[in-house]
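The structure appears right after this line, and notes come after that.
Because the structure is a prediction, the values reported are computed rather than measured. All values below come from the heavy atoms of this structure, side chains included, with hydrogens, waters and symmetry mates left out.
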Amino acid sequence: MLTTFVHAQVQQKKEAYLFAYFKDNGEDGLHLAYSDDGFKWSALKNDNSFLTPMVSNDKLMRDPCIIRGADGLFHMVWTDSWNDKGIGYASSPDLKHWSVQQQLPVMEQTPAARNCWAPEITYDAATKLYMIYWATSVDGLFPVTDSLAGVKYNHRIYYITTKDFKIYTSAKMLFDPGFSSIDATIVPDGKRFVMVFKDETLHPVQKNIKIAYANNLTGSYSNPQGPITGKYWAEGPTTLRIGNRWIVYFDKYTEHKYGAITSTDLKKWTDISDQIDLPKGIRHGTIIKITQAELQKLKL
């Protein structure tokens with residue numbers, strides 16, 4: 001037992017956790033914070049931006065999602081505008097030096113598409129495919145539901161796949177739970193995939209985080225389970241695994257602060273919002289694991 005504990009401690013010291021996020025409206029770009037334990041987070045670079053947004057008319061960098069690719073590069077996508085048909089994309093070998101930013105016109109073939117929000121990337125090791133997915137509201141596609149008062153967005157989750165971030169499939173619908181949904185994040189869990197997402201329903205009010213499951217990354221996904229969050233409005237979930245413990249971070253956006261819940265079985269959840277400490281003003285982001293060596297370079 002002692003040997004196992006010491007080994008776990010050594011492994012813990014070899015890795016750190018990195019939180020990619022935005023501030024305000026996303027005008028200044030990518031912010032990064034790190035943690036050694038997954039609870040207390042410290043902003044890097046004095047909480048200044050690591051990358052200035054350059055694509056779309058709005059030039060925003062909201063909802064950044066970074067993953068470590070099978071090719072050794074870090075790949076990032078983000079919301080580049082409130083109202084257009086594309087998303088931002090860039091890659092980096094070290095999280096400091098980034099490729100030329102691109103706008104991926106993922107919904108340009110859908111004239112009635114209003115937007116592309118909160119894109120994320122998940123890698124499927126079995127198929128060697130990256131799936132990029134996001135929320136879009138397409139006018140007239142579904143019966144109108146009251147998701148946002150006076151605006152009438154009606155989002156569903158869409159996706160494309162790629163093996164090399166050069167050639168992409170056409171956009172298809174990934175998830176339609178029968179109500180407006182955004183902010184999906186998908187992680188592998190053994191032989192299945194776990195989707196954590198926001199229910200946007202306003203009447204009767206939901207505005208909470210739910211879960212769905214699939215045997216294949218591209219679906220089909222199960223009926224939603226939950227909510228797993230409490231009686232407050234929550235969005236922008238991101239997951240972190242520490243041993244057998246799941247932690248879901250999310251933005252309590254009407255309260256202008258972050259929350260977190262934890263579980264060992266994805267069924268019984270405990271609120272640990274009072275145990276976390278994050279940089280002031282942090283908004284919707286994602287967490288990845290990096291090495292201590294990579295972290296030290298980010299601190300330079």
Does some side-chain heavy atom of Phe165 sit less than 4.5 Å from a side-chain heavy atom of Leu73? no
Only counting residues at least two apart or in another chain, list the ones meeting side chain to side chain contact (heavy atoms under 4.5 Å, CB included) with Glu255. Tyr232, Lys252, Lys257
Test item: side-chain donor near acceptor, Asp271 and Ser273, under 3.5 Å: yes
Of the non-hydrogen atoms in Cys65 and Thr286, which two are nearest, and what is the gap between them? CA-OG1, 3.2 Å
Report yes or no: does Gln101 contribute a side-chain atom to a donor-acceptor pair with the main-chain N or O of Thr52 at less than 3.5 Å? yes
Without swapping roles, check the side chain of Asp124 against the backbone of Ala126 for a donor-acceptor pair under 3.5 Å. yes
Under 3.5 Å donor-acceptor, Ser181 side chain and Arg156 backbone: no
Test side chain to side chain contact (heavy atoms under 4.5 Å, CB included) on Val194 and Leu266; report intermediate values, then the result. CA-CA 9 Å; Val194 180; Leu266 297 175; 4.0 Å; yes
I'd like to check Ile261 versus Ile247 (side-chain heavy atoms, cut-off strictly below 4.5 Å). Are they in contact? no
Atom pair NE2 (His284) and OG1 (Thr185), whose distance is rounded to the nearest 0.5 Å: 7.5 Å
So, Ser49 side chain and Leu51 main chain: donor-acceptor pair closer than 3.5 Å or not? yes
With clusters defined by side-chain heavy atoms of hydrophobic residues (ILVMFWY) lying less than 4.5 Å apart, directly or transitively, does Ile66 cluster with Leu295? yes
Please report the C-alpha distance between Lys207 and Glu200 in whole Å, then the side-chain angles of each, then the deciding distance to 0.1 Å, and finally whether the side chain to side chain contact (heavy atoms under 4.5 Å, CB included) criterion is met. CA-CA 5 Å; Lys207 301 293 185 177; Glu200 275 279 71; 3.0 Å; yes
Side chain proximity check, Leu18 to Leu298, heavy atoms < 4.5 angstrom: yes
Can you list the steps and then say if Arg114 with Val138 is a side chain to side chain contact (heavy atoms under 4.5 Å, CB included)? CA-CA 6 Å; Arg114 284 194 179 195; Val138 180; over 6 Å; no
Go through the structure and list residues passing side-chain hydrogen bond (donor to acceptor under 3.5 Å, both in side chains) with His97, not counting sequence neighbours. Asp94
Which class fits the ring pair Tyr249 and Trp41: parallel under 30°, tilted 30 to 60°, perpendicular over 60°? perpendicular
Between the side chain of Ser99 and the main-chain N/O of Ser91, is any donor-acceptor distance below 3.5 Å? yes
Could you tell me whether the side chain of Glu15 and the main chain of Ile290 form a donor-acceptor pair under 3.5 Å? no
Tell me, do Ile276 and Phe39 make a side-chain contact under 4.5 Å, heavy atoms counted? yes
His31: which residues meet the ring-ring contact (aromatic ring centres under 6.0 Å, His included) condition with it, sequence neighbours left out? Tyr21
Hey, does Trp134 have a side-chain heavy atom less than 4.5 Å from the side chain of Asp63? no
To the nearest 0.5 Å, how far apart are CG in Asn25 and CG in Leu60? 5.0 Å
Atom OG1 in Thr264, atom CG in Asn244: separation rounded to 0.5 Å? 6.0 Å
Check: Lys23 side chain, Lys280 main-chain N or O, donor-acceptor pair, under 3.5 Å: yes
Distance col, row His155:NE2 vs Cys116:SG, nearest 0.5 angstrom, shows 9.0 Å
If you define the side chain from C-beta out and look only at heavy atoms, does anything of Tyr153 sit under 4.5 Å from Ile182? no
Taking the side chain as every heavy atom from C-beta outward, state whether Gln102 and Val100 have any pair of such atoms under 4.5 Å apart. no
Rounded to the nearest 0.5 angstrom, the CG-CH2 distance for Asp80 and Trp117 is 13.0 Å
Is atom NZ of Lys299 surrounded by more than 12 heavy atoms (other residues, nucleotides or ligands) closer than 6.0 Å? yes
Can any side-chain N or O of Thr229 pair as donor or acceptor with the backbone N or O of Ile209 at less than 3.5 Å? yes
Counting only N and O atoms by type, is there a donor-acceptor contact under 3.5 Å from the side chain of Thr161 to the main-chain atoms of Met131? no
Indicate the atoms forming the closest heavy-atom contact of Met173 with Phe142, along with that distance. CE-CZ, 3.5 Å
Does the Ser35 side chain pair with the main chain of Lys40, one donor and one acceptor, at a distance under 3.5 Å? yes
How far does OG1 of Thr239 sit from CZ of Phe250, to the nearest 0.5 angstrom? 13.5 Å
For the residue pair Val248 and Pro237, what are the closest heavy atoms and their distance? CG1-CB, 4.0 Å
Would you say Leu30 and Trp78 make side-chain contact, with heavy atoms under 4.5 Å? no
Could you check whether Asp189 pairs with Arg241 (Lys NZ or Arg NE/NH1/NH2 to Asp/Glu carboxylate O, under 4.0 Å)? yes
Sorted by chain and number, sequence neighbours left out, ring-ring contact (aromatic ring centres under 6.0 Å, His included) with Tyr258 holds for Phe19
Those residues that, when tested against Pro224, pass side chain to side chain contact (heavy atoms under 4.5 Å, CB included) (two or more places apart): Phe175, Pro177, Phe179, Phe197, Lys210
For Asp164, side-chain hydrogen bond (donor to acceptor under 3.5 Å, both in side chains) partners two or more places apart: Thr162
Between Glu294 and Leu95, is the side chain to side chain contact (heavy atoms under 4.5 Å, CB included) condition met? List the steps. CA-CA 9 Å; Glu294 289 168 333; Leu95 299 165; 5.7 Å; no
Would you indicate whether Asp265, at its atom CG, is surrounded by more than 12 heavy atoms from other residues, nucleotides or ligands within a distance under 6.0 Å? yes
For Pro53 and Gly26, work out which heavy atoms get closest and say how close. CG-O, 3.8 Å
